[in-house]
Amino acid sequence: MALLPILKFPDPRLRKKASPVATVDESIRKLAADMAETMYAAPGIGLAATQVDVHRQVIVIDTSDDRSELLTLINPRIVERDGEQVYEEGCLSLPGIYDKVTRAEHVRVVTQTLDGGEREIEAHGLLAVCIQHEMDHLQGKVFVDHLSQLKQTRIRTRLMKQARESA
Ligand code: K1U
Ligand code: ZN
């Protein structure tokens, strides 16, 4: 397995749309394993392939307390959503930035699995937030896109200052 570099906002590659996986083969299984290792090491509770500059519809998530419930989503689609919740989100592509985002409280997702099968996931609370956040990444969207223009400008300024200071 390998640790993969994570793209940082505002890298334009974070805006690319991921294409569906046609066949779940060894290369996809290796990508998912490397993404899981990268997510656990970061540490994070989710990671989309877009964030490691691979533009395929692959996501890993583990929101469990003891990091024992790894989910791998391939070509996921939300088939039902309802309710509303507000959660203070973070993102490994925007280190140090946290803000409240409103999303569905419950989602039902149909996804392909690593063995090429299909399964349904019923998610509420943090898992539902994380699935929606990661599926946004596959569409080239980051969580700050849900914030006001004023907040987005402040975040850009702050990240550019951070980048200058660490150069
Ligand atoms: O997509 C990402 O960059 C991962 C992101 C997922 C996420 C977090 C919060 C709300 C929605 C989606 C993260 O994992 S940020 C890091 C984080 O939240 C965390 C890290 C360690 C322990 C617990 C949480
Ligand atoms: Zn993110």
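Every heavy atom of this structure was used, including side-chain atoms; hydrogens, water molecules and symmetry mates were not. Numbering of ligands and ligand atoms starts at 1, following listing order.
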**Q** Which protein heavy atom lies closest to atom 3 (O) of ligand 1, and at what distance to 0.1 Å?
**A**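 Looking only at protein heavy atoms, the one closest to atom 3 (O) of ligand 1 is Leu92 N, 2.6 Å.
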**Q** Of all the non-hydrogen atoms in the protein, which one sits nearest to atom 6 (C) of ligand 1, and at what distance?
**A**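 The protein heavy atom lying closest is Glu134 OE2, 3.4 Å.
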**Q** If you consider just the N/O/S atoms, which atom of His133 is the closest one to the Zn ion (ligand 2)?
**A** NE2
**Q** Determine the minimum heavy-atom distance between Val21 and Val58, stating which atoms define it.
**A** CG2-CG2, 3.8 Å
**Q** Report the nearest protein non-hydrogen atom to atom 22 (C) of ligand 1: residue, atom name, distance rounded to 0.1 Å.
**A** Ile45 CG2, 4.4 Å
**Q** Measuring from the Zn ion (ligand 2), name the closest N, O or S atom belonging to His137.
**A** NE2
**Q** Tell me yes or no: between the side chains of Ser93 and Gln51, is some donor less than 3.5 Å from an acceptor?
**A**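 Checked: Ser93/Gln51 side chains pair up, N/O donor to acceptor below 3.5 Å.
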**Q** Indicate yes or no: does Lys30 engage Asp25 in a salt bridge with an N to O separation below 4.0 Å.
**A** no
**Q** Does a side chain donor of either Asp66 or Ser68 reach within less than 3.5 Å of an acceptor in the other side chain?
**A** yes
**Q** Just go through Cys91, Gly90, Gly46 and tell me whose heavy atom is the nearest to atom 7 (C) of ligand 1.
**A** Gly90
**Q** Go through ligand 1 atom by atom and flag the ones less than 4.0 Å from a non-hydrogen atom of Gly44.
**A**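 It comes down to these atoms of ligand 1: 14 (O), 20 (C).
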**Q** So, Asp99 versus His146: side-chain donor-acceptor pair below 3.5 Å or not?
**A** no
**Q** Can you report which non-hydrogen protein atom sits closest to atom 20 (C) of ligand 1, along with the distance?
**A** Pro43 O, 3.3 Å
**Q** Can any side-chain N or O of Arg29 pair as donor or acceptor with the backbone N or O of Asp115 at less than 3.5 Å?
**A**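 No: the side chain of Arg29 does not pair with the backbone of Asp115.
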**Q** May I have the step-by-step check of salt bridge (charged side-chain N to carboxylate O under 4.0 Å, His left out) for Glu89 and Arg103, ending in yes or no?
**A** CA-CA 11 Å; Glu89 299 191 13; Arg103 298 193 190 265; 2.6 Å; yes
**Q** Considering only heavy atoms, which of His133, Arg67, Gln51 lies nearest to atom 12 (C) of ligand 1?
**A**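 The option holding the nearest heavy atom is His133.
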**Q** Nearest non-hydrogen atom to atom 10 (C) of ligand 1 belongs to which of Gln132, His137, Glu89, Arg103?
**A**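 Minimum heavy-atom distance to atom 10 (C) of ligand 1 goes to Glu89.
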**Q** Closer than 4.0 angstrom: is that true for some heavy atom of Val129 and an atom of ligand 1?
**A** yes
**Q** Search all heavy atoms of His137 against all heavy atoms of Thr50 and return the closest pair with its distance.
**A**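 Nearest pair, atom of His137 first, then Thr50: O-OG1, 3.2 Å.
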